[in-house]
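Below, all heavy atoms of this structure are taken into account, side chains as well, without hydrogens, waters or symmetry copies. Remember, it's a predicted structure, so these values are computed and weren't measured experimentally. Atoms within each ligand, like the ligands themselves, are counted from 1 in listed order.
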Amino acid sequence: TLFSNKKKKRKKICYIFFIVVNEFCERFSYYGMRAVLVLYFRYFLLWDDDLATSIYHAFVALCYLTPILGAIIADSWLGKFKTIIYLSIVYAIGQVTMAISTIHDITDANRDGTPDNFTFHIALSMLGLILIALGTGGIKPCVAAFGGDQFQEHQSRQLNTFFSVFYLCINAGSLLSTLITPLKSVASTLMVFIAGSGMYVKTDPEGNIMWSVCKCIGFAIKNRFRHRSSSYPKREHWMDWANEKYDKLLIAQIKMVLKVLFLYIPLPMFWTLFDQKGSRWTLQATTMSGDFVSILISTVNPILILTLVPIMDRLIFPLIQKCGLNFSPLKRMTVGMLFAAMAFVSAALVQIEIDKTLPNFPSSSESQLKVVNTYSTTLNVTISPNEHLLIESFGSSADYVTFDHQDITVSLNTNPVITKAFSLIKGGRQTLIIPSDPTVMYLKEDVKSKPREGKNAIRFVNGYTADLNITNLDSIEPSATTNYTLVNQGKRDFVLRHGEQWCEFSRKFGFGASYTFLIPSTVFSDDCESITEVEDMKPNSVHMALQIPQYFLITTGEVMFSVTGLQFSYSQAPKNMKSVLQAGWLCTNAVGNIIVLIVAELGKLPKQWAEYLLFASLLVAVSIIFSIMAYFYTYIDPAEIEAQVRKEQGLEPEEMEKETLEMEEKDEDQKNEQGVKQTKI
Ligand SMILES: C[C@H](N)C(=O)N[C@@H](CCCCN)C(=O)O
């Protein structure tokens, strides 16, 4: 018996391996594609930041809405195993479609490196994304529930370990996704899953369960209204009004599901905060210094998950239990929410530090102006009505001057005096460039926010008497100013060239600064030494390491909230509705993302730190509501309730047999465990 038990255990580990590796591959593919999605929208489809971010969030929301469809297909029609297989094929077709949409050669007839038919690429990529969303939605609720199905009712400890390992695999997939291409992994997802096919415990779908559930709920509501007069005796639960027509077992199962779904109502708020890691926090990082921007953003969360899940499972939770505290799943989830709220308080504190170092950008009604003088002598610049600036040759005004009106007149103390009228951009920053011929002074638009991804925005004003060529930039005419170019942090070299003459100009950059370099007429005679630098925006000075506490707090919250929620959704669901509740759980994600889209993107507060604090307070309020709801929730054993209802109804012999077999197996396991203990003693 001992030998056969060990064999059984090894077999189980083996097919659980196939399931978790399948999830690893699927998440690897998903996160690998997601990581480059916004870049694809921005630089291939040439969408602006807002559109790219909105479509990105809409896609993520769709991925977490489609699980409902996957769950219906699995629980009512195909069963979890076949649903995973078929929808993995849809997923793979989606990834291939997406990959084809990125080949610009397909429509690039003139071979200029840009697609000629954007509509074609947009249509193809949207089709690809919809297929991926359908695929991921179909797979996700089924894989978790399918994994859970491999355990028997008495194996709750193993079931919890399975969900922790399952979550570890999600994060290992997410972590490694940046290293290998997503396409390969879709193929391997399918192959790994099919490889374990013969070993799985496959529960059959039990007819169109969702349709029966809807009809049953509809009937209960209708029946309740038909009997609303006080002469009819009250029933214990409103679903009991379906008793006349529907099976008691189905009604009991619906009651269990509704109880859990009701508890889910406050949960999207957690995801609203959690999913801002990828948007607001990423933007925050671009205003900080440190050379691990992209690595930090894409890897810190999965790395922390891989470390924290085992620590929590093996150390913290057992320790809490040893102290005699009942740290129930719903309590863990509440604490997880509070951790996420603390993460946002930490983000707000970091933001306050950053704000102290940020330039004073103009409000939407203000305009800002700086003056750069490349004329041969110092100039007295008067900007009507009462702004007087003394600017030396190849120098600039100390900082931007802010105006609450747009129309200005500029006078220079040249002989004769030069006067010119300008209209400034509302809410913009501009520089007045005074060239060697001041009569043609002109305005140039400046950056009015920190450059993306901690890069530096640089431009050159050509004070040389002829056209100049600068590395990686178009040729610039005399007196002209180039547009901004983004350069990475570190030492950068530029070669300036005019005909046979050239010189090399080197400069070390930090993070998130903006500079205008003034090239004098003597540039080649002094080997680029005389190029002067005007700092339009100071480099970032708050170090990115300050973001680590907020990442640590949100990930601790995630471990408590998300891993526990996954286990809870499985354990509290009736056998035939496991995927449906997994889908419900994933839907809380979708709603969270939609809230990010609506509240965070549209209703932005003027101060970012205030927005962080607002979200933190909202989550604290929601966690209080959730803890009250949780207090009134009684944990159930769905199998026990189902058995009890069946008993009341009179059990079918077939089911009785199955149940007896399970009981016998359980007894055998317990005996064996005791046997092992005795042998050890
Ligand atoms: C990578 C991340 N830490 C993670 O584990 N993600 C989970 C849950 C995602 C919910 C966020 N909207 C996953 O299943 O990908």
Original post:
Less than 4.0 Å between a side-chain N and a carboxylate O, is that true for D149 and K578?
Top reply: no
Original post:
Under 4.0 Å between a Lys/Arg side-chain N and an Asp/Glu carboxylate O for E611 and R280?
Top reply: yes
Nearest protein heavy atom to [atom], by residue and atom, and its distance?
atom	result
atom 9 (C) of ligand 1	Y64 OH, 3.4 Å
atom 4 (C) of ligand 1	E558 OE2, 3.2 Å
atom 1 (C) of ligand 1	N171 OD1, 3.1 Å

Original post:
Would you say the side-chain atoms of E558 and Y167 include a donor-acceptor pair closer than 3.5 Å?
Top reply: yes
Using the benzene-type ring in the case of Trp, are the ring centres of [X] and [Y] under 6.0 Å apart?
X	Y	value
Y633	Y635	yes
W47	Y40	no
F561	W271	yes

Original post:
Would one find an N or O of K140, backbone or side chain, under 3.5 Å from an N or O of ligand 1?
Top reply: yes
Subject >> Close N or O approach (S174, ligand 1; < 3.5 Å) >> reply: no
As an exercise, identify every atom of ligand 1 less than 4.0 angstrom from a heavy atom of [X].
X	value
N589	10 (C), 11 (C), 12 (N)
F274	11 (C)
D275	11 (C), 12 (N)

Original post:
Who's closest to atom 15 (O) of ligand 1 heavy-atom-wise, of W271, Y31, Y167?
Top reply: Y31
Subject >> Exercise: identify the closest heavy-atom pair between K331 and N326 >> reply: NZ-O, 3.0 Å
